[in-house]
Protein chains: 2
Amino acid sequence: MDRPPTMKDVARAAGVSVMTVSRAFKSDRSVSQQTREKVREIAEKMGYVFDSTAANLRSQKSGFIAVTIPTIDNGNFSDTVGSLSAHLNASGLQILLGYSDYSIEKEEELIEQLLRRRPEAIVVTGGRHTERTRRLLKQAGIPVVEMWDLPTDPIDHVVGFSNASTMEMMVDHLVEQGYQRIAFVGGDTVWDTRGADRRRGFVTGMARHGLSGQARFIAGGKPPISMRQGADAMTELLEQYPDTEAVICVSDPAAFGATTECMRRGLVIPQDMAVAGFGGYELSSISHPTITTVDPRPMDIGSQTAKLISFLLNSAERHEGSKRVEISPVLRPGASTMR
Amino acid sequence: MDRPPTMKDVARAAGVSVMTVSRAFKSDRSVSQQTREKVREIAEKMGYVFDSTAANLRSQKSGFIAVTIPTIDNGNFSDTVGSLSAHLNASGLQILLGYSDYSIEKEEELIEQLLRRRPEAIVVTGGRHTERTRRLLKQAGIPVVEMWDLPTDPIDHVVGFSNASTMEMMVDHLVEQGYQRIAFVGGDTVWDTRGADRRRGFVTGMARHGLSGQARFIAGGKPPISMRQGADAMTELLEQYPDTEAVICVSDPAAFGATTECMRRGLVIPQDMAVAGFGGYELSSISHPTITTVDPRPMDIGSQTAKLISFLLNSAERHEGSKRVEISPVLRPGASTMR
DNA sequence: TTGAAAGCGCTAACAA
DNA sequence: TTGTTAGCGCTTTCAA
């Protein structure tokens with residue numbers, strides 16, 4: 001016959017019961033060393049591949065952790081996922097990844113789909129979700145972690161930072177350097193809630209220094225904002241507000257695009273124009289001049305989330321209250337804002 | 001009781017059999033419109049979530065496509081995965097992603113783990129694998145696609161391009177521009193087989209023009225090669241071979257790092273030094289000067305792979321022979337090599 | 001259009 | 001240390 005061999009086939013070939021085969025494939029079960037080796041050897045020879053699907057159904061444990069991110073096309077999110085994945089794999093857990101494309105409606109659909117796979121926990125990016133998403137997550141009966149944000153009304157657990165605060169830090173830094181007429185370049189804020197938070201932080205930070213940030217906002221389009229969009233936004237900015245001294249971009253790639261546009265126009269950074277970004281990308285530390293950025297430590301978000309999940313799954317008891325892990329982003333001053 | 005509701009619970013609440021509930025959740029089965037609506041409404045109210053695990057076990061279809069890439073920390077691979085994912089989702093398939101970290105041993109382990117989830121097809125990056133990996137894949141009884149390469153001895157299907165040829169193209173371009181003393185910067189070739197192929201192409205291309213490429217090779221370390229490593233390699237190159245006129249880097253980020261190092265040293269690109277990369281990253285088209293690169297069209301690799309998989313899964317019959325889809329990378333000349 | 005019975009491949013629970 | 005029995009939550013198959 002042609003169908004792939006099952007445990008039953010292996011059991012028959014090895015002259016033992018299926019239960020013995022099952023045990024031979026676990027690590028800490030009671031099987032004699034001799035039997036285990038024999039069974040494994042025969043299984044390998046037969047080309048037997050263990051079927052997790054069946055095991056999961058019976059034991060009601062999928063070994064999956066569901067994760068949603070807006071897009072894979074963003075080094076910060078992929079760093080978080082990479083780190084999360086590496087840490088969870090060590091615990092024998094696998095990531096089930098989905099992309100919401102910056103849409104909370106798509107996120108709802110995605111989460112519904114992911115929950116059908118019976119993940120043991122679910123990690124979502126950001127603090128804004130549809131009402132139905134919130135309900136689905138609360139009813140799911142598994143740990144829920146919101147990451148990359150500090151929601152005011154969290155669903156359950158949180159591993160994140162305040163996007164608004166990072167931009168307040170940045171405004172403080174620029175004002176300290178003597179800049180006053182500061183602009184903000186971001187994406188359409190209906191889409192990118194974290195981008196919107198950053199813009200809000202910019203406005204608040206400016207107000208604290210008695211400056212108006214409201215006026216100088218350039219929308220670069222749908223996120224993730226590309227380098228090209230950053231460059232185009234710079235052009236628009238120079239047309240609309242030619243007296244601008246400094247620009248804060250919603251992300252490092254956009255900031256890099258903005259610097260190249262300045263160079264093309266013969267503007268000297270940071271004398272004629274200061275440029276700052278967000279994300280702590282390698283690009284910012286190596287470009288010439290180096291670009292001031294805020295590093296949100298995406299790998300730490302991943303590892304802290306993994307740690308939290310391992311804790312939640314391993315402690316047998318139901319937990320009282322929800323954990324909240326705050327990550328502290330770091331301002332990394334570059335040559336682009338030091339005049 | 002506290003456990004999540006099952007189809008049985010929904011059936012009881014709706015006063016129908018489980019089979020009717022099951023049918024109400026499929027699209028094209030025979031259920032009366034009235035019954036379907038009633039069942040779905042009750043299910044939603046109860047907070048019922050369909051359990052794919054059980055459905056998959058019974059129907060022997062997981063809805064998973066397993067995919068392995070070396071790392072998520074590489075824009076080219078994530079572009080391919082993003083595109084693949086988007087196209088497969090449209091067919092109701094979900095990606096099960098794993099990272100091999102550029103190690104064929106880790107890849108073997110990873111593939112073994114992924115096969116236990118009973119994917120309906122598997123996509124692996126690259127043409128070099130352990131003997132056991134090849135055996136596992138051949139025995140798996142599902143379509144196997146090797147992407148991002150054109151292996152000489154493919155396991156099954158292939159969607160890729162010749163990494164060596166891209167570098168021959170690049171050498172041709174540089175020689176055409178009048179460069180002769182050309183160097184290559186890449187990673188440790190034992191790790192990155194695609195990087196090794198590119199280096200081979202470089203050597204072949206040079207030889208075709210009667211030039212020696214063998215000599216000027218700078219190893220930048222374990223892949224993926226960072227911008228910093230590209231910059232450091234440039235430093236090493238200038239020390240070892242100060243007469244070098246042009247450098248081809250294994251990837252765009254490395255090439256960008258190399259250009260920044262040149263700038264720091266006051267070298268003018270492309271007059272004093274030409275720099276070229278690989279990957280067709282946005283970075284290359286927007287940096288100043290723009291950097292010559294080869295675009296391997298990673299999104300096309302993803303969409304073509306998705307298309308192939310859909311075809312293979314939908315045609316009921318066993319297929320004779322293996323498909324081979326060749327992608328044509330495009331040379332994108334930039335200012336960095338045009339003297 | 002609906003339902004009853006059987007079973008997908010594994011493991012929990014218990015027995016020997 | 002090993003085996004037996006039952007069943008995880010669905011869908012296939014067949015019957016009404």
Side-chain angles (χ1 to χ4, degrees), chain A residues 1-40 42-43 46-64 92 115-120 141 316, chain B residues 1-40 42-43 46-64 92 115-120 140-141:
Chain A
M1 49 198 141
D2 225 354
R3 64 161 177 69
T6 70
M7 247 184 203
K8 209 166 156 186
D9 300 321
V10 177
R12 192 168 317 141
V16 296
S17 71
V18 281
M19 220 27 244
T20 301
V21 178
S22 171
R23 286 174 181 130
F25 276 94
K26 309 283 152 226
S27 49
D28 54 2
R29 294 293 192 83
S30 46
V31 202
S32 72
Q33 190 57 27
Q34 197 188 344
T35 313
R36 164 167 287 140
E37 273 165 22
K38 190 182 71 180
V39 168
R40 289 203 173 193
I42 288 174
M46 295 176 74
Y48 169 71
V49 176
F50 184 89
D51 189 334
S52 305
T53 312
N56 298 339
L57 175 61
R58 173 66 239 216
S59 62
Q60 298 291 70
K61 280 192 171 185
S62 65
F64 280 134
L115 288 177
R116 296 177 181 209
R117 299 278 187 188
R118 293 289 184 269
E120 298 183 32
Chain B
M1 48 196 139
D2 225 355
R3 66 162 175 70
T6 70
M7 248 185 205
K8 208 166 158 186
D9 300 320
V10 177
R12 193 169 314 140
V16 295
S17 72
V18 281
M19 236 4 262
T20 302
V21 178
S22 172
R23 285 172 183 133
F25 276 93
K26 309 284 153 226
S27 49
D28 55 2
R29 295 292 192 83
S30 47
V31 202
S32 73
Q33 190 58 26
Q34 199 188 341
T35 314
R36 164 168 285 141
E37 274 166 21
K38 191 181 74 180
V39 168
R40 287 203 176 193
I42 289 175
M46 294 175 75
Y48 169 72
V49 176
F50 184 89
D51 188 333
S52 305
T53 312
N56 298 339
L57 176 59
R58 176 63 243 220
S59 63
Q60 298 290 70
K61 279 192 173 185
S62 65
F64 280 134
L115 288 177
R116 294 177 183 209
R117 300 278 186 186
R118 293 291 184 266
E120 299 184 32

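The sequence lines fix the lettering, A, B, ..., with proteins before strands; numbering per chain opens at 1. None of the values given here were measured: they were computed from a predicted structure.
Among the atoms of the strands shown, only primed sugar atoms or phosphate atoms (P, OP1, OP2) are found under 4.0 Å from some heavy atom of A/Tyr48. Among the heavy atoms of the strands, none lies under 4.0 Å from A/Thr53. Among the protein residues, A/Ser30 comes within range of the nucleic acid bases, having at least one heavy atom under 4.0 Å from a base atom.
Listed by chain and residue number, B/Val16, B/Thr20, B/Val31, B/Ser32, B/Val39 satisfy the side-chain contact (heavy atoms from CB on, under 4.5 Å) test with B/Thr35 (two or more places apart in sequence, or in another chain). Not a single side chain to side chain donor-acceptor pair (under 3.5 Å) links B/Ser52 to another residue, sequence neighbours left out. A/Gln34 pairs by the side chain to side chain donor-acceptor pair (under 3.5 Å) definition with nothing, not counting sequence neighbours. Among residues two or more places apart in sequence or in another chain, the side-chain contact (heavy atoms from CB on, under 4.5 Å) test is passed with B/Ala55 by B/Phe50. Remark: B/Phe25 engages B/Tyr48 in a ring-ring contact (aromatic ring centres under 6.0 Å, His included) (not counting sequence neighbours). When the side chain to side chain donor-acceptor pair (under 3.5 Å) test is applied to B/Arg116, no partner is found at least two apart in sequence or on another chain. Judged as a side chain to side chain donor-acceptor pair (under 3.5 Å), and not counting sequence neighbours, B/Gln60 has no contacts.
Spacing between atom NZ of A/Lys8 and atom P of D/dT4 amounts to 13 Å, rounded to whole angstrom units. Rounded to whole Å, atom C1' of D/dG9 lies 13 Å from atom CZ of B/Phe25. Straight-line distance from the CZ atom of A/Arg118 to the P atom of D/dG9: 9 Å, rounded to whole Å. Straight-line distance from the CZ atom of A/Arg12 to the C1' atom of D/dG3: 16 Å, rounded to whole Å.
Of all nucleotides in DNA chain C, those with any atom nearer than 4.0 Å to a heavy atom of chain B start and finish, going 5' to 3', at C/dT1 to C/dG9.
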(request) Encode nucleotides 11-16 of chain D as B, S and - characters from 5' to 3', where the letter depends on protein heavy atoms closer than 4.0 Å: B to the base, S only to sugar-phosphate, - to neither. (result) BBB---
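In this structure, A/Asp51 CG and B/Leu57 CG are separated by 6.5 Å, a value rounded to the nearest 0.5 Å.
A residue-by-residue look at B/Thr20 and A/Ser52 shows that B/Thr20 has its nearest nucleotide of DNA chain C further toward the 5' end.
Contact between A/Ser62 and A/Pro119 at its shortest, heavy atoms only, is OG-CA, 3.6 Å.
Using a 4.0 Å cut-off, some side-chain N or O of A/Thr35 falls inside it from OP1 or OP2 of D/dT2.
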